[in-house]
Amino acid sequence: MPRDEVSELVPAPSEEVFDLVHNYARRLEWDTLLSAAYLDDGHTCAAVGATSVCVGRGAFRAFALKTEYVSFNRPRVAAVKMLNRPPLFETWAASIRHEDTGLRESRIVYIYSFTARPSWLRWILEPILAVAFRWETRKRLRALRDHVARSAAHR
C-alpha cells in the first residue's frame, strides 16, 4: 500500500489555509487537479461525517472520489476516506495537517495512502499511481501557496 507525504509552506496562518482548503465553494480557485468539488448528501460545510465529491481534470476526469470526513479538528487536521470505487482505486485515504511556522506563514502537510485495483495488477499500477499522485499533489500545494500569496498581495 503506497503511502506518501507532501508539504508546502504557505504565506498565511494555518486557520486561514485550513478554511480555504475545506471551503468547497472556493476549491476550484486554486486546486489544479479538480474540475468539480462539492459537498454531497445534503452537507453544507465540512465536518466529521460530511461527504464530498471531487472530480479530476483532464486525463484524471474519470476519477471522481466520494469521500467522508473521519476527522475535522479546525485549524489543525482533517482526514477523509474514500467511499466509492473509481477506476484503479480499491482504497484511498488522506489527512491534511496544518501548523503555524511564523506570524503569517504555515505548513500544510498532505499525507495519503491507497491500494490499486485490480489486485493482480497492483505490482505495476501502484508505482505508477504513486508517482503520478505525488507529482499532482506537489502541483496542487504549490498552486494553493501561490493563490494565497496573490490573495494577500491584493489586500
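Source: prediction; values computed, not measured.
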*Asks:* For Pro87, give me all partners under side chain to side chain contact (heavy atoms under 4.5 Å, CB included), at least two apart in sequence or on another chain.
*Replies:* Phe63

*Asks:* Within this structure, what is the CE-CG distance for the pair Met82 and Leu65, rounded to the nearest 0.5 Å?
*Replies:* 6.0 Å

*Asks:* Going from CG on Asp146 to CG on Leu141, what distance comes out if it is rounded to the nearest 0.5 angstrom?
*Replies:* 11.0 Å

*Asks:* Is Val55 linked to Leu39 within one hydrophobic cluster, defined over Ile, Leu, Val, Met, Phe, Trp and Tyr using a side-chain heavy-atom separation of less than 4.5 Å?
*Replies:* no

*Asks:* Please lay out, stage by stage, how Ile96 and Ile108 fare under the test side chain to side chain contact (heavy atoms under 4.5 Å, CB included).
*Replies:* CA-CA 7 Å; Ile96 305 173; Ile108 183 170; 3.6 Å; yes

*Asks:* Under a 4.5 Å side-chain heavy-atom rule over Ile, Leu, Val, Met, Phe, Trp and Tyr, are Val48 and Phe18 clustered together?
*Replies:* yes

*Asks:* Does the pair Glu8 and Leu144 meet the rule for a side chain to side chain contact (heavy atoms under 4.5 Å, CB included), with working shown?
*Replies:* CA-CA 9 Å; Glu8 186 68 49; Leu144 173 65; over 6 Å; no

*Asks:* Mind checking who shares a hydrophobic cluster with Ile111, ILVMFWY linked at side-chain heavy-atom distances under 4.5 Å?
*Replies:* Val109

*Asks:* Scan for side chain to side chain donor-acceptor pair (under 3.5 Å) pairs involving residues 35-51, sequence neighbours excluded, and state none if there are none.
*Replies:* Ser35-Arg61, Asp40-Lys66, Asp41-Thr51, Asp41-Lys66

*Asks:* Can you sort out the partners of Ile124 under side chain to side chain contact (heavy atoms under 4.5 Å, CB included), two or more places apart, ordered by chain and number?
*Replies:* Leu121, Ile128

*Asks:* So, Ser71 side chain and Ala78 main chain: donor-acceptor pair closer than 3.5 Å or not?
*Replies:*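 No, Ser71 side chain to Ala78 backbone: no donor-acceptor pair under 3.5 Å.
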
*Asks:* Residues two or more places apart in sequence or in another chain: which of them pass ring pair (Phe, Tyr, Trp, His ring centres under 6.0 Å) with Tyr69?
*Replies:*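 Ring pair (Phe, Tyr, Trp, His ring centres under 6.0 Å) list for Tyr69, sorted by chain: His22, Phe72.
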
*Asks:* With Ser95, which residues qualify under side-chain hydrogen bond (donor to acceptor under 3.5 Å, both in side chains), at least two apart?
*Replies:* none

*Asks:* Specify the closest pair of heavy atoms between Pro127 and Arg122, including all atoms of both residues, with the distance to one decimal.
*Replies:* CD-O, 3.7 Å

*Asks:* Ignoring hydrogens, what is the shortest heavy-atom contact between Ala116 and Glu126? Give both atom names and the distance.
*Replies:*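 Heavy atoms of Ala116 and Glu126 come nearest at N-OE2, 2.9 Å.
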
*Asks:* Got a sec, which residues hit side-chain hydrogen bond (donor to acceptor under 3.5 Å, both in side chains) with Arg134, two or more places apart in sequence or on another chain?
*Replies:*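 Per chain and number, Arg134 pairs via side-chain hydrogen bond (donor to acceptor under 3.5 Å, both in side chains) with Asp4.
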
*Asks:* How about Arg140: does its CZ atom have over 12 heavy atoms from other parts shown lying under 6.0 Å from it?
*Replies:* yes

*Asks:* Measure the OG1-CH2 distance between Thr67 and Trp92 for me, rounded to the nearest 0.5 Å.
*Replies:* 6.5 Å

*Asks:* Backbone N or O of His98 within a donor-acceptor pair of the Ser14 side chain at under 3.5 Å?
*Replies:*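 Checked: no pair found.
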
*Asks:* Going through the checks in order, is the side chain to side chain contact (heavy atoms under 4.5 Å, CB included) test met by Arg57 and Asp31?
*Replies:* CA-CA 10 Å; Arg57 176 185 300 194; Asp31 199 323; over 6 Å; no

*Asks:* Is there a path of hydrophobic side-chain contacts, each under 4.5 Å between heavy atoms of I, L, V, M, F, W or Y residues, that connects Leu28 with Tyr24?
*Replies:*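 They do share one cluster, since a chain of ILVMFWY contacts under 4.5 Å joins Leu28 to Tyr24.
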
*Asks:* Looking at residues at least two apart in the chain, or sitting in another chain, which of them share a side chain to side chain contact (heavy atoms under 4.5 Å, CB included) with Glu15?
*Replies:* Asp19, Arg74, Pro75

*Asks:* Testing the basics here: between Ala64 and Asn84, what is the closest heavy-atom pair and its distance to 0.1 Å?
*Replies:* O-ND2, 2.6 Å

*Asks:* List in chain and number order the residues that pass side chain to side chain contact (heavy atoms under 4.5 Å, CB included) with Arg85, two or more places apart in sequence or in another chain; answer none if no residue qualifies.
*Replies:*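 So Arg85 forms a side chain to side chain contact (heavy atoms under 4.5 Å, CB included) with Glu90, Arg117.
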
*Asks:* Could you list the residues that satisfy side-chain hydrogen bond (donor to acceptor under 3.5 Å, both in side chains) with Arg26, not counting sequence neighbours?
*Replies:* Glu29

*Asks:* Kindly compute the distance separating CG (Asn73) from CZ (Arg97), expressed to the nearest 0.5 Å.
*Replies:* 9.5 Å

*Asks:* Let me see the working for Val21 and Asn23 under side chain to side chain contact (heavy atoms under 4.5 Å, CB included), right down to the final yes or no.
*Replies:* CA-CA 6 Å; Val21 168; Asn23 181 339; over 6 Å; no

*Asks:* Identify, with sequence neighbours excluded, every residue that meets ring pair (Phe, Tyr, Trp, His ring centres under 6.0 Å) alongside Tyr110.
*Replies:* Tyr112

*Asks:* Please check if Phe114 and Trp135 belong to a single hydrophobic cluster, counting links between Ile, Leu, Val, Met, Phe, Trp and Tyr side chain heavy atoms closer than 4.5 Å.
*Replies:*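 Different hydrophobic clusters.
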
*Asks:* With side chains defined as the heavy atoms from C-beta onward, is the minimum distance between Cys54 and Leu33 less than 4.5 Å?
*Replies:* no

*Asks:* Report yes if some heavy atom in the side chain of Ser113 is under 4.5 Å from a heavy atom in the side chain of Met1; otherwise report no.
*Replies:*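 In contact.
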
*Asks:* Would a hydrophobic clustering, with Ile, Leu, Val, Met, Phe, Trp and Tyr connected at side-chain separations under 4.5 Å, put Leu9 with Val148?
*Replies:* no

*Asks:* In chain order, what residues pass the side-chain hydrogen bond (donor to acceptor under 3.5 Å, both in side chains) check against Arg142, with sequence neighbours excluded?
*Replies:*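 Applying side-chain hydrogen bond (donor to acceptor under 3.5 Å, both in side chains) to Arg142 gives none.
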
*Asks:* Stepwise, does the side chain to side chain donor-acceptor pair (under 3.5 Å) test hold for Thr101 with Ser106?
*Replies:* CA-CA 5 Å; Thr101 59; Ser106 60; over 6 Å; no

